[in-house]
Amino acid sequence: MSGVGWGVAPAPILRQTWGMGLATFETDGRCAWANPREPIYVAYHDEEWGVPEYDARALWEKLVLDGFQAGLAWITILKKREAFRAAFANFDPEVVARFGAEDRARLMADAGIIRSNAKIDAAISGARIWLGMREAGEDFSGWLWGFVGGAPIQNRWTEIGQVPAQTPEAAEMAKALKARGFKFCGPVIVYAFMQAVGMVNDHVTSCPRHGAVARLVRAPA
């Protein structure tokens with residue numbers, strides 16, 4: 001999944017996709033949001049985005065990071081991801097759930113992350129909810145994947161302007177997450193999460209990653 005052979009274009013052409021509110025670029029075949037001037041973004045597109053993720057801890061990490069993204073661009077979070085991992089004990093729910101006042105103060109003083117009282121509190125409370133689900137015998141991964149029937153939805157968009165900002169499945173998942181007590185998980189954030197963790201394949205059909213991701217599908221448990 002290294003994307004070897006896709007050169008980084010020296011001078012991408014910026015366009016605006018008004019329907020989605022996204023800046024798009026000439027990307028040498030990739031999805032048009034993958035800015036070729038940002039190697040970290042290209043690597044994220046080529047190696048992570050849309051790859052089905054089934055690990056419960058990793059899913060919670062991505063949900064937390066998407067919550068921190070609220071009101072910001074994903075590239076901002078992506079560039080800070082390693083700092084987030086260091087600050088949040090590699091997103092180990094058992095550790096984060098025990099964070100107290102000192103940890104909260106430490107996080108608010110950490111310039112490497114997004115310093116938001118509400119988002120930090122949401123991450124800590126989310127860890128406790130995650131643990132509560134596990135203690136009740138609920139698998140966070142299986143629960144989330146149940147909203148798409150246990151297998152990725154294979155979309156076949158031909159251009160980025162066709163990709164929705166949210167879907168009924170995202171709205172249903174967002175409602176269920178909020179009912180559990182999770183925060184910063186509206187349907188738009190949740191759909192971005194679903195795209196990233198491979199619950200939907202929203203690579204456009206002309207992107208080489210569309211077929212590569214589709215081949216990673218495993219049968220529902």
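What's counted below: heavy atoms across the whole structure, side chains too, no hydrogens, waters or symmetry copies.
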When you compare the side chain of Phe91 with that of Leu65, does any pair of heavy atoms fall below 4.5 Å? yes
Going by side chain to side chain contact (heavy atoms under 4.5 Å, CB included), name the residues that satisfy it together with Ala176, two or more places apart in sequence or in a different chain. Trp143, Phe147
Do Phe68 and Val64 touch side chain to side chain, with heavy atoms closer than 4.5 Å? yes
Return the minimal non-hydrogen interatomic distance between Cys207 and Cys31, and the atom names on each side. SG-N, 3.7 Å
Partner of Asn201 under side chain to side chain contact (heavy atoms under 4.5 Å, CB included), chosen from Gln154, Gln195, Arg156, Arg209: Gln154
Rounded to the nearest 0.5 Å, how far does CH2 of Trp130 lie from CD of Glu94? 7.0 Å
For side-chain hydrogen bond (donor to acceptor under 3.5 Å, both in side chains), just list the numbers for Asn117 and Arg104, CA-CA rounded to whole Å, side-chain angles, deciding distance to a tenth of an Å, and then say yes or no. CA-CA 8 Å; Asn117 285 316; Arg104 191 174 179 281; 3.1 Å; yes
Charged N to carboxylate O under 4.0 angstrom, Arg180 versus Glu138? yes
When the aromatic ring centroids of His210 and Trp157 are compared, is their separation below 6.0 Å? no
When rounded to the nearest 0.5 Å, the distance separating CG of Asp46 from CZ of Arg30 is 4.0 Å
Please name the pair of heavy atoms, one in Leu216 and one in Pro52, separated by the smallest distance, quoted to 0.1 Å. CB-CD, 4.0 Å
CD1 on Ile129 to CE on Met133, rounded to 0.5 Å: 9.0 Å
Inter-residue atom distance Ile77.CD1 - Tyr44.OH, 0.5 Å rounding: 11.0 Å
Taking it one step at a time, do Leu63 and Leu177 satisfy side chain to side chain contact (heavy atoms under 4.5 Å, CB included)? CA-CA 10 Å; Leu63 188 64; Leu177 284 163; 4.0 Å; yes
Looking at every heavy atom in both Pro93 and Leu131, which two are closest together, and how far apart are they? O-CD1, 3.7 Å
What is the distance from atom NZ of Lys80 to atom CD of Gln69, rounded to the nearest 0.5 Å? 13.5 Å
With side chain to side chain contact (heavy atoms under 4.5 Å, CB included) as the test, would you mind laying out the steps for Met173 and Leu144 before giving the verdict? CA-CA 7 Å; Met173 184 186 292; Leu144 289 175; 3.9 Å; yes
Closest non-hydrogen atom pair between Gly198 and Pro152, with its separation: O-CB, 3.1 Å
Distance under 6.0 Å and angle within 45° of the ring axis: does Arg106 meet both against Phe99? yes
Name each donor-acceptor pair under 3.5 Å that joins a side chain in residues 182-194 to protein atoms two or more places apart or in another chain, with its distance.
from, atom 1, to, atom 2, distance (Å)
Tyr191, OH, Asp202, OD2, 2.6

Sequence-distant partners of Arg85, side chain to side chain donor-acceptor pair (under 3.5 Å), two or more places apart: Glu61, Glu82
Is any side-chain heavy atom of Thr76 less than 4.5 Å from a side-chain heavy atom of Ile114? yes
Closest heavy-atom pair and its distance - Ala122, Ser125: O-OG, 3.1 Å
If you take all heavy atoms of Gly50 and Val213, which pair is closest and at what distance? O-CG1, 2.9 Å
Trp49 and Trp74 aromatic centres sub-6.0 Å: no
CG/Asn35 to CD1/Ile40 distance, rounded to the nearest 0.5 angstrom? 12.0 Å
Can you tell me how the ring of His203 sits relative to the ring of His45, calling it parallel under 30°, perpendicular over 60° and tilted otherwise? perpendicular
